Amino acid sequence: MIMLSAQSQDTPNVSIQTEDFNIADEVALLEKYNLNDGAVVTFTGRVRQQNNHNEVSSLMLEHYPGMTEKSISDIIKTAQKKWSLGRVKVIHRIGQLSLGEQIVFVGVTSAHRKDAFAANEFIMDFLKVKAPFWKKEQIIQKGVLSEHWLEAKKTDTDKAELWR
Amino acid sequence: MITIVFFAALREQLGCAQLNLAIDTPSTVLEVKQYLINEHPHWQKILQHESILSAVNHTVVGSEFVLKSGDEVAFFPPVTGG
């Protein structure tokens, strides 16, 4: 196996970064020299304009270096025990992000689609409620710019609970 | 000696990102919180908010978790990534 990208040795399939990612490049890495997996499922999360009826202008993402990587790595390990998976890649961006920009990528390969779909959703659901990221939203209300930290949503906790 | 780190809204409310604490170990996470509140009375309402989570050495723990010297304790609000 050839190391195709420079990542932390502890968590080779997790990348926390300020820079953007290219979905096509990530899919190519998941598929390269991988002739066993017939299914590749990817999810991309982006900054959207409407949130809680506010007009979002940008987001600032903070995280807890070290714990973030460990937390996502633990979620991936749990997914690997639950399903038969080939490769997994998680990218999460931090710092200042504008409207429409990519925030998060989850890519999973498996022999068949069922495991890849389920594992991808599982990883995303637990990343939302376990990985130590915090979003500060910059919004425009009546033409005035203000910012606030987002509150955690019960719908996200409930969604993750469904896997138990 | 233990290290304490705060994140996001909590860090801003306390006006503190990190501090080192020379406390007797073993102590629990709850005892550390009490110590911080004694030192900074205006932190009480913020640190005792029911939603605040704690982690030790990058793993989420409960308030009765027992700390040893060299541990990194983190306090933070519920997470909102993804």
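Within every chain, numbering begins at 1; the chains are lettered A, B, ... in the order of the sequence lines, protein sequences first and strands thereafter. Because only heavy atoms are used, hydrogens play no part in the values below, and waters and symmetry mates are left out as well, while side chains stay in. Not measured: the values here are computed from a predicted model.
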**Message:** Please identify, among B/A8, B/P78, B/S51, the residue contributing the most non-hydrogen atom pairs under 4.5 Å to chain A.
**Reply:** B/A8
**Prompt:** In Å and rounded to the nearest 0.5 Å, what is the NZ to OG1 distance from A/K136 to B/T80?
**Reply:** 11.5 Å
**Message:** Using heavy-atom distances under 4.5 Å, tell me whether A/K130 contacts chain B through its side chain, its backbone, both, or neither.
**Reply:** backbone
**Message:** With a 4.5 Å cut-off on side-chain heavy-atom distances among I, L, V, M, F, W and Y, is there a chain of contacts connecting A/I94 to A/L97?
**Reply:** yes
**Request:** Taking ring pair (Phe, Tyr, Trp, His ring centres under 6.0 Å) as the test, write out the residues that go with B/F65, two or more places apart.
**Result:** none
**Prompt:** Are B/L19 and B/I23 connected, step by step, through hydrophobic side chains (Ile, Leu, Val, Met, Phe, Trp, Tyr) whose heavy atoms are closer than 4.5 Å?
**Reply:** yes
**Message:** To the nearest 0.5 Å, what is the distance between CE on A/M67 and OG1 on B/T59?
**Reply:** 6.5 Å
**Asked** By a 4.5 Å heavy-atom criterion (distance strictly below it), what part of A/K128 contacts chain B: side chain, backbone, both, or neither?
**Response** both
**Prompt:** For the hydrophobic clusters of this structure (ILVMFWY residues joined by side-chain heavy atoms under 4.5 Å, transitively), does one cluster hold both A/F21 and A/V41?
**Reply:** no
**Asked** Measuring heavy-atom distances to chain B, does A/H148 have an atom under 4.5 Å in its side chain, in its backbone, in both, or in neither?
**Response** neither
**Message:** Applying a strict under-4.5 Å side-chain criterion to I, L, V, M, F, W and Y, I'd like to know whether A/V106 and A/L61 cluster together.
**Reply:** yes
**Asked** Looking only at heavy atoms, what is the nearest atom pair of B/F7 and A/P65, with distance?
**Response** CE2-CD, 4.4 Å
**Fill in**
When the 4.5 angstrom heavy-atom criterion is applied to B/V60 and chain A, the contacting part is both
**Prompt:** Does CG belonging to B/D24 count more than 12 external heavy atoms closer than 6.0 Å?
**Reply:** no
**Asked** For the hydrophobic clusters of this structure (ILVMFWY residues joined by side-chain heavy atoms under 4.5 Å, transitively), does one cluster hold both B/F75 and B/Y35?
**Response** yes
**Asked** If you measure from CH2 on A/W149 to CD on B/E12, what distance do you get to the nearest 0.5 Å?
**Response** 5.0 Å
**Prompt:** Is the distance between the ring centroids of A/Y64 and B/H58 under 6.0 Å?
**Reply:** yes
**Asked** So do the side chains of A/W134 and B/V79 get within less than 4.5 Å of each other, counting heavy atoms only?
**Response** yes
**Among the listed options A/M60, A/H92, A/E151, the residue most often paired with chain B at heavy-atom distances under 4.5 Å** = A/H92
